[in-house]
Amino acid sequence: MRRAEGLWISLLLLGFTNGGQPDQQQVLFSDGIQLLVEGTSNSTAPRVLVFLPARVEKTSQNVTLLCLARGLFAGLVDLTWMINDTVVTTAGSVAQVIREPNGSYTATGFLVIATTVWSPRNIYKCAAIQGSQVYEGSAQTSCFSDTS
């Protein structure tokens with residue numbers, strides 16, 4: 001119990017040494033060690049949107065999809081892509097995260113797939129994962145024209 005009290009006092013002092021305005025969602029202790037506090041006062045769940053290409057050229061070899069996750073509670077997030085509920089592994093795809101003026105975070109990620117895999121009849125999903133919470137968005141365009 002004394003250890004927990006000591007941690008609480010340390011966190012309180014850390015807030016006062018930070019100009020009296022501690023970041024209530026995330027405190028950085030040192031490189032690689034962060035304290036994330038879940039259950040912030042923001043009652044709105046994050047929103048995940050998937051953007052499909054406006055058109056796919058016949059001569060194009062790849063199609064790029066965009067995932068936008070807004071209203072995240074922390075800057076640590078994993079983005080996972082699925083096509084028709086099958087997880088797609090993306091080599092080298094890293095979510096870019098920015099902190100918004102209101103204290104929330106926005107993450108963006110891209111999925112590049114071959115035009116041979118692309119179909120407007122597929123359901124493309126992106127999941128933003130933060131700890132045990134999963135927020136999903138999807139897109140399907142059955143009225144989409146495959147070629148220009």
> Do you know the tightest heavy-atom contact between S138 and K125?
Replying inline: CB-CG, 3.5 Å

> With side chains defined as the heavy atoms from C-beta onward, is the minimum distance between V77 and V97 less than 4.5 Å?
Replying inline: yes

> Where the side chain of E136 meets the backbone of C126, is there a donor-acceptor pair that is under 3.5 Å apart?
Replying inline: no

> Just wondering, do Q130 and L72 contact through their side chains at under 4.5 Å, heavy atoms?
Replying inline: yes

>> Which residues end up grouped with V134 if you chain together Ile, Leu, Val, Met, Phe, Trp and Tyr wherever their side-chain heavy atoms are less than 4.5 Å apart?
In response: I129

>> Please report the interatomic distance CG(N122) to CG(L52), rounded to the nearest 0.5 Å.
In response: 10.0 Å

> Would a 4.5 Å heavy-atom cut-off, applied to side chains only, mark P53 and T64 as touching?
Replying inline: no

>> Do M82 and L79 land in one hydrophobic cluster if side-chain heavy atoms of ILVMFWY residues count as linked below 4.5 Å?
In response: no

>> Please tell me whether Y124 and W118 form a close aromatic pair, meaning their ring centres lie under 6.0 Å apart.
In response: yes

>> According to a hydrophobic-cluster definition based on side-chain heavy atoms being under 4.5 Å apart (Ile, Leu, Val, Met, Phe, Trp, Tyr only), do V63 and V117 belong together?
In response: yes

>> Could you tell me if N84 and T86 have a donor-acceptor pair between their side chains, going purely by distance under 3.5 Å?
In response: no

>> Test side chain to side chain contact (heavy atoms under 4.5 Å, CB included) on C67 and L49; report intermediate values, then the result.
In response: CA-CA 6 Å; C67 178; L49 302 169; over 6 Å; no

> Are I83 and V56 joined in one hydrophobic group, where the rule is that I, L, V, M, F, W and Y side chains link up if heavy atoms are under 4.5 Å apart?
Replying inline: yes

>> Ignoring hydrogens and geometry beyond distance, is a side-chain donor-acceptor pair present between T108 and Q96 at under 3.5 Å?
In response: no

>> If I compare all heavy atoms of G71 with all of P46, which pair ends up nearest, and what's the gap?
In response: O-CG, 3.3 Å

> Which heavy-atom pair separates S60 from T115 by the least distance, and what is that distance?
Replying inline: O-CG2, 3.2 Å

> CZ/R70 to OH/Y105 distance, rounded to the nearest 0.5 angstrom?
Replying inline: 15.0 Å

>> I'd like to know if W81 and I113 are part of one continuous hydrophobic network [Ile/Leu/Val/Met/Phe/Trp/Tyr, side-chain heavy atoms within less than 4.5 Å].
In response: yes

>> Any non-hydrogen side-chain atom of L68 less than 4.5 Å from a side-chain atom of F51?
In response: yes

